Protein chains: 2
Amino acid sequence: MPNGHDTIPAKRPLTLRDVSEASGVSEMTVSRVLRNRGDVSEATRNKVLEAARELGYVPNKIAGALASSRVNLVAVIIPSMSNMVFPEVMTGINEVLENTELQPVVGITNYKPEREEAVLYQMLSWRPSGVIIAGLEHTEAASAMMAAAGIPVVEIMDTDGDPIDSAVGISHRRAGRAMAQAIIDAGYKRIGFLGTKMPLDHRARKRFEGFTEVLAKNGLEIVDREFYSGGSALTKGREMTETILKRNEDEPLDFLYFSNDMIGAGGLLYCMEKGIDVPGQLGLAGFNGIEFLDGLPIKLATMDAMRLEIGRTAAEIIAKRVNDPQGAGETVTLTPELALGQTLKKVKKPL
Amino acid sequence: MPNGHDTIPAKRPLTLRDVSEASGVSEMTVSRVLRNRGDVSEATRNKVLEAARELGYVPNKIAGALASSRVNLVAVIIPSMSNMVFPEVMTGINEVLENTELQPVVGITNYKPEREEAVLYQMLSWRPSGVIIAGLEHTEAASAMMAAAGIPVVEIMDTDGDPIDSAVGISHRRAGRAMAQAIIDAGYKRIGFLGTKMPLDHRARKRFEGFTEVLAKNGLEIVDREFYSGGSALTKGREMTETILKRNEDEPLDFLYFSNDMIGAGGLLYCMEKGIDVPGQLGLAGFNGIEFLDGLPIKLATMDAMRLEIGRTAAEIIAKRVNDPQGAGETVTLTPELALGQTLKKVKKPL
DNA sequence: ATGAAAGCGCTAACAC
DNA sequence: GTGTTAGCGCTTTCAT
């Protein structure tokens, strides 16, 4: 032992039987005490608790789960942990699950379908009580596994599609449309798009589709676009903004639509530094409503992805269904508000 | 079924026996095939795989783990997921574990010792192959559990203390001392401190102690301090900076030391907005080296907490020890570099 | 190369 | 209120 923590070094991990012997109470009753189940007299209860504490017994959930075929785990499968959106979803999930027996277990897919399939397989092999998974697009095998698992499955973030069981999210197509409409209403015409180089980010794709759809209806097109991958989003936003503005100096752009707020913030900082008049000369908008935007000198127009709410609702659906396995799936579509901030001209909508 | 995913709805979850019956191969051999263990003829192997795929069989790890008393899980216990530092640690852990059989399972403590104890208990009850846990300070019960668990335990982030088994991190005391020295060397005298209101953030506390220690040795003291809790760190940094500067207008501060880079960035944005000459009139420094700083107009002086490296090293220690349970604990102290950025005057150190 | 039997540590179900 | 018995679905061990 490298230091002063004094403990009973356990060769063989302790079992219920050890507690049973130490307390002189049957294994079954020990089990009851440790799970607060069934009637146990105060006296034996204390004897057991005392013995367990004394020995430092930690129950073996593996054995418990096998015997009871109940596993209080919820598989949460998300693309990434590094872009601020999923940590917040997790917070929402945690908030709700903390008040239940359920415990989230997180798997990361890095936006790769085959990775998602593998992670899902791993997680399902622990026989969780439910699955919360980002997105509606999965490999065929993954969809089949979830459908066959016989547990509640909630697909989150997006509701533009066909859920396996339940879904909670926003319509990203609608989000793209709404932003396009706001930009058009404000009178901008020469619009640039800056986004991630991620063909597999279906939600970004749907927003883009909704966006261009409304532009088209109004006789407009995206004038230029710029993509990035990897690196610090703030830095990339700055660089991409410089690039796209320089490339269009002859016929300048009057609006930049960023596929996320982090690159949007980078763009905003760049504009402020260069003394570009925002929103007069150039309008800006992002997507996500990251809280961090509040700290910027001026607020970026954006649309909240309602991450916290999505996490909470998804967890609630799972919690409900665990106690009511017969329950049917449901789809909850949340409707985010457009936050105009200070980077979008406030122009009256033409009649 | 709410939609078009065609699957075999499984009433009773499939078992090895189902695959055995479907393939006409004994359960034991099926098990061998599915785990790639022992010699199995190519013919039976294919029969089994075919049957398993056909049925959509997902092995039950609960049963497997109980029978083999081997669980390929690594418990990762961290205070929070929302402040950018731990996601990066996770990335490092994942990178390494991806190349092994091991899988991380994350628990969040919210900086509460009693929560940490509870989470640890939960995790240990799954009999993981190892534990990675943030910090060296735990409740007595938590320390005892880890010491008695008979598995490798790596305490991360901090090495100023007494590890249970292994530790990987930096010396936060040294980090505080180094930053203080750099500030003093640059000639700043009237130093303010801005931090989190978190008595249980031992690492912040140690940095602070190291910091004031060096100031004291040089006949200096912190002139004023300001604390926050909750909210957007960027916003809070901005507000706190305003507050502390205003409060000391009579005898102005010439340096602000922020306990993390996010509030530091907020302070920096505030200064730029107000036209405060940084680093001439006022120097600034933070802590953590978050990549995001690169996107700011000028770079904040900071010290990298080496999160990625810590995560990787911790995971490596676990991976190594799982295959060598006799191995002894080890302590790895990483030494971060001070990044002066552009918010600290470059003044020659007085001879 | 394959199979049969025993049991991992716990809990459901049923006594008493 | 407490104890007994029989598994949960796998893997270990030992035969063959």
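Treat the numbers as computed from the prediction; the structure is a model and nothing was measured. Throughout, a chain's letter reflects where its sequence line sits, starting with A, and its residues are numbered from 1. Because only heavy atoms are used, hydrogens play no part in the values below, and waters and symmetry mates are left out as well, while side chains stay in.
In the set D/dT2, D/dG7, C/dA1, D/dT2 carries the atom at the smallest distance from any side-chain atom of A/Val40. Proximity note for B/Arg35 (side chain, C-beta onward) versus D/dT12, C/dC8, C/dA12: the nearest is D/dT12. The side chain of A/Ala67 has D/dC8 as its nearest neighbour among D/dC8, D/dT2, D/dT11. You'll find that the side chain of A/Ser31 is closest to C/dT11, out of C/dC10, D/dG9, C/dT11. Of the candidate nucleotides C/dT11, C/dG3, D/dT11, C/dG3 has the atom nearest to the side chain of B/Val25. Closest contact between the side chain of A/Thr29 and the listed nucleotides D/dT2, C/dA5, C/dT11 involves D/dT2.
One finds a side-chain N or O of A/Tyr57 lying less than 4.0 angstrom from the OP1 or OP2 phosphate oxygen of C/dC10. At D/dG3, one or more side-chain N or O atoms of A/Ser26 fall inside 4.0 Å of OP1 or OP2 (strictly under the cut-off). Taking 4.0 angstrom as the limit, A/Thr44 places none of its side-chain polar atoms (N or O) nearer than this to OP1 or OP2 of D/dG1. The phosphate of D/dC8 has neither OP1 nor OP2 within less than 4.0 Å of any side-chain N or O from A/Arg70.
If you take CZ of B/Arg17 and P of D/dC10, they are 10 Å apart, rounded to a whole angstrom. Here C/dC8 presents its C1' atom at 13 Å from CD1 of B/Ile62, a figure rounded to the nearest Å. Nucleotide C/dC8 holds its P atom 15 Å from the CG atom of A/Leu14, rounded to whole Å. As rounded to whole Å, 6 Å separates atom C1' of C/dG9 from atom CG of B/Leu66. Distance, B/Arg12 CZ to D/dG9 P: 8 Å, rounded to whole Å. Computed from coordinates, the A/Arg37 CZ to D/dT2 C1' distance equals 17 Å when rounded to whole Å. Rounded to a whole Å, the CE atom of B/Met28 is 14 Å from the P atom of D/dC14. In this structure, the CG atom of A/Leu16 is 19 Å from the P atom of D/dC8, given to the nearest Å.
For the atom pair NZ (B/Lys112) and CD (B/Glu117), the distance works out to 14.0 Å, reported to the nearest 0.5 Å. Here the CG-NZ distance, from A/Leu124 to B/Lys61, works out to 11.0 Å after rounding to the nearest 0.5 Å. We find the CD1-CD distance between A/Ile317 and A/Glu330 to be 4.0 Å, quoted to the nearest 0.5 Å.
Using a 4.0 Å heavy-atom cutoff across all strands shown, A/Ser41 reaches sugar-phosphate atoms only and no base atom. Looking at heavy-atom distances under 4.0 Å, B/Thr15 makes contact with sugar-phosphate atoms alone, never a base. Counting any heavy atom pair closer than 4.0 Å across all strands shown, A/Asn60 reaches sugar-phosphate atoms only and no base atom.
Between B/Glu21 and B/Arg17, at least one side-chain N (NZ, or NE/NH1/NH2) sits under 4.0 Å from a carboxylate O, which counts as a salt bridge. Salt bridge A/Arg115/B/Glu98: present, at least one basic N to carboxylate O contact under 4.0 Å. Taking a cutoff of 4.0 Å between a charged side-chain nitrogen and a carboxylate oxygen, B/Glu50 and B/Lys47 do not qualify as a salt bridge.
Remark: the A/Arg32 side chain and the D/dG3 base include a donor-acceptor N/O pair separated by less than 3.5 Å.
Heavy-atom distances to DNA chain C give each of B/Ser68 and B/Glu27 a nearest nucleotide, and the one nearer the 5′ end belongs to B/Glu27.
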